[in-house]
Amino acid sequence: MSTPAELRCRCGQVRGIVADASPDAVNRVVCFCEDCQAFAHQLDRADLLDAKGGSDIVQVAPASLTFVQGQHHISGLRLTPKGLFRWYASCCKTPVGNTVSPAIPFVGIVVQAFDGGRQRADAVFGKPIGAIFAKHSIGDSPVGSKGISLSLMARAIRMVLGWRLRGRTWPHPFFARETGAPIYPVTVLSQPQREALRPLCGPHPTAEKRGPG
Ligand SMILES: [Zn+2]
Ligand SMILES: [Zn+2]
């Protein structure tokens, strides 16, 4: 049941292990929200978005993720002062985990981070079980329903509560238990920096995406 899955950044310097990797132990959804799109553009990693701007995310319990290599490359980004902590490998701009705070224990990881080497994310986690925030998907025909699926939401809440109750918050890969503070450096975008990303995002981008680098 609990096969470990290897997470690695594109260049291979940052590596981690997700201990309990199986379709039942995680929540895999495609998120079309504007913030996930903006984050990918901020990193110049729009290649990670699907054709409609979706980010394919695997949510895992914090304690199941352990970084084993390249931790000094990990940095955090917040799109706003109270936004999600979006962690990434600064060596090659690969997202390695989105988090709120230890009080809401989950880590959302782009599925491409699990596709390195011989392992295939679909084989480990199964296919995505649905889409969220589809109203921000790019183009005139949104993916699936416009609202948030209640069953998907219920499943996510049940899972996060379960992790919390079963003590799967600690050790947290991104926060120190003693202080609750981030372990890695965090940058917050200024409001002009955040606004500059909006024309790149769905549902109707008005700017061309920037080239790599
Ligand atoms: Zn890297
Ligand atoms: Zn999102």
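For ligands, and for the atoms within them, numbers begin at 1 and follow the listed sequence.
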* Side chains of His136 and Glu34: donor-acceptor distance under 3.5 Å anywhere? -> no
* Asked: Quick one: does Asp115's side chain have a donor or acceptor within less than 3.5 Å of a partner on Ala121's backbone?
  -> yes
* Please find out if the Zn ion (ligand 1) and some N, O or S atom of His73 are separated by less than 2.8 Å. => no
* Structure fact -> SG (Cys33) to the Zn ion (ligand 2) to SG (Cys36), nearest 10°, is 110°
* Phe114 and Phe125: aromatic ring centres closer than 6.0 Å? -> yes
* Tell me, please, whether Phe67 has Arg15 positioned over its six-membered ring: NZ or CZ under 6.0 Å from the ring centre and within 45 degrees of its axis? => no
* To do: To 10°, measure the SG(Cys91)-the Zn ion (ligand 1)-SG(Cys11) angle for me.
  => 100°
